[in-house]
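Just the heavy atoms: all of them, side chains too, but no hydrogens, waters or symmetry mates, feed the values below. Numbering of residues begins at 1 and proceeds along the displayed sequence.
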Amino acid sequence: PPPPHPAEGPEEAGRPPSMSSHDAAPPAAPSRNPCCLCWCCCCSCSWNEERRRAWRASRDNKLQPLPSCEACATPSPEEVRSWAQSFDKLMHSPAGRGVFREFLRTEYSEENMLFWLACEELKAEANQHVVDEKARLIYEDYVSILSPKEVSLDSRVREGINKKMQEPSAHTFDDAQLQIYTLMHRDSYPRFLSSPTYRALLLRGSSQSSHEA
């Protein structure tokens, strides 16, 4: 018998796909196929593979560069000190998120921040076609056990996601996002406050304040 047909391999470069047009896509199964109960990335009925890969590459290129305090608005000494008051204040500060993400990278847990950011982006999306695509990418990147960027979620939350992925919405990952937020708060945040990275920012702020006085 003839050898099995090889799986599609090389990734094609190209422009980010239009979410409003399917004319350029090859004939394929619809996005919500009953056989995709868990929407995992190994599912044999994955559709528009090249379009998904191109969009993922575009999105990853946008997220991966680490913002430094100089790249975004430089935080004031008061803002830096406020990060120690609560985790919420740190996460509501763009500069704070950038510094905290840099710290997470040193602990090899940057995927927690990336997942949280991706969920925030999904919740701001109103177009259902875009929601479907982004939800699938988030699942493959951060929930699938096959992903190197898998985040730590309990079985209850995972089961809930698998059910919701049959009809994705902008809030499909809310429970998972809260669990990862809590994990960062309880686990990484205390270490961040005592890290050389944060102490250096405090010292820089103190020095700046003394010069201005």
Side-chain angles (χ1 to χ4, degrees), residues 11 16-17 19 31-33 36-67 87-88 90-92 94 96-125 127-189 191-192:
E11 183 170 332
M19 297 307 302
S31 59
R32 295 175 184 166
N33 192 308
C36 281
L37 296 181
C38 67
W39 287 63
C40 63
C41 59
C42 60
C43 181
S44 60
C45 63
S46 293
W47 67 291
N48 289 341
E49 184 68 19
E50 303 308 324
R51 186 173 71 171
R52 263 193 313 112
R53 289 178 178 176
W55 190 11
R56 179 191 297 152
S58 172
R59 185 206 54 188
D60 285 349
N61 288 338
K62 179 177 66 175
L63 281 179
Q64 287 306 318
L66 272 176
F87 186 57
D88 286 344
L90 173 68
M91 292 294 283
H92 278 86
R97 290 194 300 269
V99 174
F100 186 54
R101 178 181 165 189
E102 184 174 3
F103 169 76
L104 291 177
R105 176 172 284 192
T106 67
E107 291 204 333
Y108 304 100
S109 58
E110 184 190 13
E111 66 276 2
N112 290 332
M113 177 64 81
L114 294 177
F115 173 70
W116 187 88
L117 290 170
C119 291
E120 287 294 288
E121 184 179 326
L122 177 66
K123 287 192 294 187
E125 185 54 62
N127 184 305
Q128 185 57 47
H129 293 293
V130 180
V131 167
D132 288 349
E133 285 282 0
K134 287 187 176 182
R136 189 180 185 94
L137 288 172
I138 290 173
Y139 187 98
E140 293 181 2
D141 284 348
Y142 304 109
V143 180
S144 170
I145 60 173
L146 301 179
S147 173
K149 296 188 291 184
E150 177 195 5
V151 296
S152 179
L153 300 172
D154 64 34
S155 58
R156 176 190 62 82
V157 171
R158 285 181 176 277
E159 288 171 7
I161 291 174
N162 286 341
K163 292 176 182 177
K164 292 174 183 177
M165 283 300 293
Q166 298 178 46
E167 294 287 339
S169 77
H171 299 280
T172 291
F173 300 97
D174 281 4
D175 289 344
Q177 186 186 22
L178 176 60
Q179 191 167 93
I180 294 304
Y181 186 90
T182 303
L183 175 65
M184 290 190 293
H185 183 190
R186 294 178 178 175
D187 187 52
S188 303
Y189 176 59
R191 290 196 299 274
F192 167 73

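In this structure, Val151 and Arg158 approach most closely via the heavy-atom pair O-NH2, 3.3 Å. The heavy-atom pair separating Met165 from Tyr139 by the smallest distance is CG-CD1, 3.8 Å. Looking at every heavy atom in both residues, Glu150 comes nearest to Val143 through CG-O, 4.0 Å. Smallest separation of non-hydrogen atoms from Phe100 and Met91: CD2-SD, 4.2 Å. Closest non-hydrogen pair, Ser188 versus Phe103, comes out as O-CE2, 3.6 Å. When every heavy atom of Lys149 is checked against every heavy atom of Asp141, the shortest pair comes out as CB-O, 3.3 Å.
Taken from CG in Leu122 to CD in Glu120, the straight-line distance is 10.0 Å, to the nearest 0.5 Å. The NE2 atom of His185 sits 10.0 Å away from atom CG of Leu90, with the distance rounded to the nearest 0.5 Å. For the atom pair CD (Glu133) and CG (Leu137), the distance works out to 6.5 Å, reported to the nearest 0.5 Å. Of the inter-residue distances, the one linking Thr172 atom OG1 with Gln177 atom CD reads 12.0 Å to the nearest 0.5 angstrom. With values rounded to the nearest 0.5 angstrom, Leu153 atom CG is found 6.0 Å from Phe115 atom CZ. Between atom CD of residue Glu111 and atom CH2 of residue Trp116 there is a gap of 16.0 Å, rounded to the nearest 0.5 Å.
Here the side chains of Asp174 and Lys123 are in contact, with some heavy-atom distance below 4.5 Å. No side-chain heavy atom of Thr182 sits under 4.5 Å from any side-chain heavy atom of Phe87. Between Asn112 and Asp187 there is no side-chain heavy-atom pair separated by less than 4.5 Å.
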(message) Would Arg101 and Leu114 count as a side-chain contact (heavy atoms from CB on, under 4.5 Å) here? Give the steps.
(response) CA-CA 8 Å; Arg101 178 181 165 189; Leu114 294 177; 3.6 Å; yes
(request) Mind running side-chain contact (heavy atoms from CB on, under 4.5 Å) on Phe192 and Val99 for me, showing each step along the way? (result) CA-CA 9 Å; Phe192 167 73; Val99 174; 3.7 Å; yes
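Between Arg105 and Glu102, no side-chain nitrogen of the basic residue sits less than 4.0 Å from a carboxylate oxygen of the acidic one, so the salt-bridge criterion is not met. In summary, Glu159 and Lys163 do not engage in a salt bridge, as defined by a charged side-chain N under 4.0 Å from a carboxylate O.
Glu140 places no side-chain N or O within donor-acceptor distance of the main-chain N or O of Leu146, the cut-off being under 3.5 Å. No donor-acceptor pair closer than 3.5 Å links the side chain of Glu110 to the backbone N or O of Leu104.
No side-chain donor-acceptor contact under 3.5 Å links Gln179 and Asp175.
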